[in-house]
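Below: the structure, in structure tokens.
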Amino acid sequence: MPRKPKESPAQELRRRVLEAVRAVPPGQVAGYGEISRRAGYPGRARLVARILSAGDEPGLPWHRVLRSDGRIAFPPGSAGFDEQVQRLRAEGVRVESGRVRGQRAAPTLDQILWAPPD
DNA sequence: GATATGACCTGAA
DNA sequence: GTTCAGGCCATAT
């Protein structure tokens, strides 16, 4: 019988990461490390970046993913940088000098999901 | 197989 | 507030 269509670890990781990114509600932001941790792969923040850079998944709220410092992962002046800032502002996130103001990348996604409204 | 690169993270100075 | 070094792992050459 044909072997199971078991996907490669990278495939599963990608799927989990995408799900974690989609789990971030609008107006909120998360860090790469948090996404990787929530996906079940702690310490693989670079993998998250690698996946987002692929941009295979349309409709993915990649703009809600920032660095742990709350700064934009893109270099200032870059197209991605500008686009991400614009999208965040459209969701009500205050962005100043390429950094998110008022709410850093939450230490844990639980903090985001459990964060009290206003 | 080895080296270099990348939308990174953490801790320490 | 910033900068530096070490770690992590998939992809490209």
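Each chain gets a letter, A, B and so on, in the order its sequence line appears, and its residues count up from 1.
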Practice task
For the side chain of R99(A), starting at C-beta, report the closest nucleotide among dA7(B), dC8(C), dG1(C).
Solution key: dG1(C)

Practice task
Let me know the distance between CG of L88(A) and C1' of dA7(B), rounded to the nearest Å.
Solution key: 13 Å

Handout entry: Spacing of I51(A) atom CD1 relative to dC8(C) atom C1', expressed in whole Å
Key = 14 Å

Handout entry: Distance, rounded to the nearest Å, where E34(A) contributes CD and dC8(B) contributes C1'
Key = 12 Å

Handout entry: Phosphate OP1/OP2 of dT5(B) contacted by R50(A) side-chain N/O (<4.0 Å)
Key = no

Completion exercise
Interatomic distance, CG@L88(A) vs CD@E83(A), rounded to 0.5 Å, equals 10.5 Å

Practice task
To the nearest 0.5 angstrom, please state how far the CZ atom of F74(A) sits from the OG atom of S53(A).
Solution key: 8.5 Å

Problem - Spatial distance of atom CZ (R16(A)) from atom CD1 (I35(A)) [nearest 0.5 Å] - result: 13.5 Å

Handout entry: R46(A) side-chain N/O to dG6(B) phosphate OP1/OP2 under 4.0 Å
Key = no

Practice task
Look at the side chain of F74(A) and decide which nucleotide, out of dA7(B), dC9(B), dG1(C), has an atom nearest to it.
Solution key: dA7(B)

Handout entry: Presence of R14(A) side-chain N/O under 4.0 Å of dT11(C) phosphate oxygens OP1/OP2
Key = no

Practice task
May I ask you to evaluate whether S53(A) reaches the phosphate of dG6(B), defined as a side-chain N or O under 4.0 Å from OP1 or OP2?
Solution key: no

Exercise for the section: Run the numbers on V29(A) and V65(A) for side-chain contact (heavy atoms from CB on, under 4.5 Å), then give the verdict. Expected result: CA-CA 6 Å; V29(A) 292; V65(A) 185; over 6 Å; no

Problem - Residue closer to the 5' end of DNA chain B, Y32(A) versus R37(A) (nearest nucleotide) - result: Y32(A)

Handout entry: Test item: R38(A) side-chain N/O and A20(A) main-chain N/O as donor-acceptor pair under 3.5 Å
Key = no

Exercise for the section: Could you tell me the separation between the CG atom of L52(A) and the C1' atom of dG6(B), rounded to a whole number of Å? Expected result: 12 Å

Fill in the blank from the handout: To the nearest angstrom, the CG-P distance between L13(A) and dT11(C) comes to 10 Å

Exercise for the section: Describe the nucleic acid contact of G80(A) in one word from base, sugar-phosphate, nothing, applying a heavy-atom distance below 4.0 Å. Expected result: nothing

Handout entry: dT10(B) phosphate, OP1 or OP2, under 4.0 Å from R67(A) side-chain N/O
Key = no

Handout entry: dA7(B) versus dG7(C) - spacing of their P atoms, nearest Å
Key = 22 Å

Exercise for the section: For the side chain of R71(A), starting at C-beta, report the closest nucleotide among dA7(B), dT2(C), dC9(C). Expected result: dT2(C)

Exercise for the section: Grab the CD-P distance between E57(A) and dA7(B) for me, whole Å please. Expected result: 19 Å

Handout entry: Length of the CD-C1' vector between E96(A) and dG1(C), whole Å
Key = 16 Å

Handout entry: Rounded distance (Å) that lies between atom P of dC4(C) and atom CG of D69(A)
Key = 15 Å

